[in-house]
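In what follows, a structure is listed as C-alpha cells, so that the remarks can point back to it.
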Amino acid sequence: MRKLMSILLILVAMLPLSMAYAEDTDPSLKDFYADYFDFGSAVSNREVRDSDFLSFVTAQYSIITPENALKPENVLDIAGSAAAAKEDQGSVAVSFQSVEPLLDFAQANGIKVHGHVLFWHSQTPDAFFHESYSVSEPFVTREVMLARMENYVRLVMEYMQDYYSGVIVSWDVVNEAIDDATGKLRQSNWTTVVGDDFVMQAFRFARQYAPEGTLLFYNDYSTPYEPKQSGILELLDMLIADGLVDGCGMQCHYQLTTPAVKKVELAIRKIIDKGLLVRISEMDIMADDNSDAQFQQQAERYADLMSVFLRYSDSIIAVQTWGTKDSLSWKSGSYPLLFKGDGTPKPAFYSLTDPAILP
C-alpha cells in the first residue's frame, strides 16, 4: 500500500495546478462503487452556481446532500410564520428559495438527494419556539410546538412531492440529539418546549408525511465512542419499536489515527445487527498540514475505512464526504477531503478508486 501511495503522490504532483476539477479521464467515484452503494458529497449553494462544478458532480457523484440549504434556518419563513400565527399559533410558513437551484440541478441530471435536516438543536431559529415567532415572547406550549413540528414536516414533504417527486430519497429526521459526555438526550429548546420525547414525535410526523419509500435516518457524530454510542443505540431501539426509523447516519469526521478502524467497524455492526441501514453521511479526515507525507497518510486512512464500508455494503446504502474540495470544507485548515482547494484530486481520491481495494 505504501509503495502504491508513493506512486500516486508522484502522479498527483504532475497534474496541472490550473485544472478546476477532476478531468474526464480520472476515475469516477460513483461508477467505481455503483455495485456497492451510492457515493456522494455535501454541496453548497456557492458550488451550484459554478457550471464547471456541476459537470464535476455529474461525473463523480450519484447522491448529494444540501450542505445548509435544507436546514431549518434556511427553510423556516419567520416573517410568514409570524403572520400566520396571528390566526393560529401552530401555523408555519416555509420557503425553499435557497435549495431550489440544487434540487433543479439534481432533478435535471438524475442525481439523488439526501435531505438534511428536519430537526436539529443548531441552525434552527430561536423564534420557532416562541409565541408569535418572537424571541421577546414566552415559549409556546408543548401542544403548540407539536403542531408547528407537524405542520413544518407536512409542508416540507408536500412541497417536495409536488415539485421534486422522487428526487429526495432519504432524510435526516433528527440530528445530533445525544450528548457526548453523558450519552443521554442533549438538552436544548426541543427538550425544554416539547420534552424528552421530541425525537419520537419528530419521527412520527416524518413517517406520516414522507412519500412512500423515503428512508428516515437518525444522524450523529462520534458513534464509535462511549457513552455516546450506547445512547444512540438506546434511542434507535425506541424508534425501532414503533417502526419509525430505517437507519442511522454515521458522520465520520475523523482524524488520521482516531478513532480506530476496529471501533468504527464495531459501531457499524451494532447498528446493522438491529436490522437498520447505515449511511456514512459526513466523512472527512483531518490532516495536520498539506504536506505530501500527511496526504499519503490521509489516503491510507481513507482506504482503510473504505475497506470496512465495502465489507458491510449490503447494509450501507451511501458513503458521502462532507464537502467536495478542501477550500470549501468546514475544516478547510485541516485539508480533510478528496480534492485540493483548486479541485485537483488528492492521493485520497486515488486510494478510493484503485481496484486493488475491492474485495
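For F339 against P345, the heavy-atom pair with the smallest separation is CD2-CA, 3.6 Å. Across all their heavy atoms, V199 and A177 have their closest contact at CG2-CB, 4.0 Å.
Using modelled atom types, one finds no donor on one side chain facing an acceptor on the other under 3.5 Å when comparing H114 with Q320. A donor and an acceptor atom, one from each side chain of T124 and E73, are nowhere located under 3.5 Å apart. A donor and an acceptor atom, one from each side chain of W120 and N219, are nowhere located under 3.5 Å apart. A side-chain donor-acceptor contact under 3.5 Å links T258 and Q255. Defined by atom type and a distance below 3.5 Å, a donor-acceptor pair is present between the side-chain atoms of S136 and S134. Counting only N and O atoms by type, the side chains of Q60 and K30 include no donor and acceptor under 3.5 Å apart.
Atom-to-atom distance recorded for D26:CG and L29:CG is 9.5 Å, nearest 0.5 angstrom. Once rounded to the nearest 0.5 Å, the distance linking CG of D292 with NZ of K346 reads 11.5 Å. For the atom pair CD1 (I232) and CD1 (I271), the distance works out to 7.0 Å, reported to the nearest 0.5 Å. Going from atom CZ of F129 over to atom OG1 of T192 covers 9.0 Å, rounded to the nearest 0.5 Å. Interatomic distance, SG of C252 versus OH of Y221, reported as 14.0 Å (0.5 Å rounding).
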### Query
For R148 and Q89, what are the C-alpha separation, side-chain angles and deciding distance, and is it a side chain to side chain contact (heavy atoms under 4.5 Å, CB included)?
CA-CA 8 Å; R148 289 183 180 182; Q89 284 291 330; 3.0 Å; yes
#### Entry: Full working for side chain to side chain contact (heavy atoms under 4.5 Å, CB included) between V92 and S81
CA-CA 5 Å; V92 173; S81 296; 4.2 Å; yes
### Task
May I have the step-by-step check of ring pair (Phe, Tyr, Trp, His ring centres under 6.0 Å) for H116 and W171, ending in yes or no?
CA-CA 6 Å; H116 177 80; W171 278 94; 9.3 Å; no
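At most 12 non-hydrogen atoms from other residues, nucleotides or ligands lie less than 6.0 angstrom from NZ of K263.
The residues K325 and D342 are annotated as not salt-bridged, no charged nitrogen and carboxylate oxygen being separated by less than 4.0 angstrom. Salt bridge present: E265 and R311 bring a charged side-chain N and a carboxylate O closer than 4.0 Å. Under a 4.0 Å N-O distance rule, the pair K112/D38 qualifies as a salt bridge. For D246 and R207, the salt-bridge test passes: some basic side-chain N is under 4.0 Å from an acidic carboxylate O. Salt bridge status for K331 with D284: absent, with no side-chain N to carboxylate O gap under 4.0 Å. A salt bridge links R204 with D242: at least one charged nitrogen is closer than 4.0 Å to a carboxylate oxygen.
Taking the side chain as every heavy atom from C-beta outward, F105 and I111 approach each other to under 4.5 Å. Contact annotation: the side chain of L276 never approaches that of F217 to less than 4.5 Å [non-hydrogen atoms, C-beta and beyond]. Residues I268 and F309 form a side-chain contact, since some pair of their non-hydrogen atoms from C-beta on lies under 4.5 Å apart. Counting heavy atoms from C-beta outward, P27 and F32 have side chains that stay 4.5 Å or more apart. At least one side-chain heavy atom of V174 sits less than 4.5 Å from a side-chain heavy atom of F203. Inter-residue side-chain proximity for Y159 and F96 is flagged as met; some heavy-atom pair is nearer than 4.5 Å. For the pair M250 and V278, the minimum side-chain heavy-atom distance is below 4.5 Å. Inter-residue side-chain proximity for R269 and Y312 is flagged as met; some heavy-atom pair is nearer than 4.5 Å.
Screening N45, V48, L70, V113 for a side chain to side chain contact (heavy atoms under 4.5 Å, CB included) with V99, the sole residue that qualifies is L70.
A distance-only check finds a donor-acceptor pair linking the side chain of S28 to the backbone of D31 [under 3.5 Å]. Formation of a donor-acceptor pair under 3.5 Å by the S334 side chain with backbone atoms of M286 is not found in this model. Although no hydrogens or angles enter the test, the distance criterion places no donor-acceptor pair under 3.5 Å between the side chain of T65 and the main chain of E67. When atom types are taken as modelled, the side chain of S291 and the backbone of Q294 share a donor-acceptor pair closer than 3.5 angstrom. Remark: the backbone N or O of D162 is not paired with any side-chain donor or acceptor of S165 at under 3.5 angstrom. Checked by atom type and distance alone, the side chain of R142 pairs as donor or acceptor with a backbone atom of V194 at under 3.5 Å. Using modelled atom types, no side-chain atom of S329 and backbone atom of D326 make a donor-acceptor pair closer than 3.5 Å.
With sequence neighbours excluded, the residues that form a side chain to side chain donor-acceptor pair (under 3.5 Å) with Y218 are D220. For Y335, the ring-ring contact (aromatic ring centres under 6.0 Å, His included) test picks out no residue, with sequence neighbours left out. Every side chain to side chain donor-acceptor pair (under 3.5 Å) that N68 has, sequence neighbours left out, goes to K71, Q123. With sequence neighbours excluded, the residues that form a side chain to side chain donor-acceptor pair (under 3.5 Å) with E226 are S230. Evaluation of the side chain to side chain donor-acceptor pair (under 3.5 Å) rule for Y209 yields E150 as partners, not counting sequence neighbours.
By the criterion of side-chain heavy atoms lying less than 4.5 angstrom apart, applied directly or through intervening Ile, Leu, Val, Met, Phe, Trp or Tyr residues, V173 is grouped together with F128 in one hydrophobic cluster. Clustering ILVMFWY residues whenever any of their side-chain heavy atoms sit less than 4.5 angstrom apart, transitively, puts W330 in a cluster other than the one holding I285.
The stretch residues 169-184 participates, sequence neighbours left out, in these salt bridge (charged side-chain N to carboxylate O under 4.0 Å, His left out) pairs: D180-R186, D180-K228.
The aromatic rings of Y152 and F119 sit tilted relative to each other, their planes meeting at an angle between 30° and 60°.
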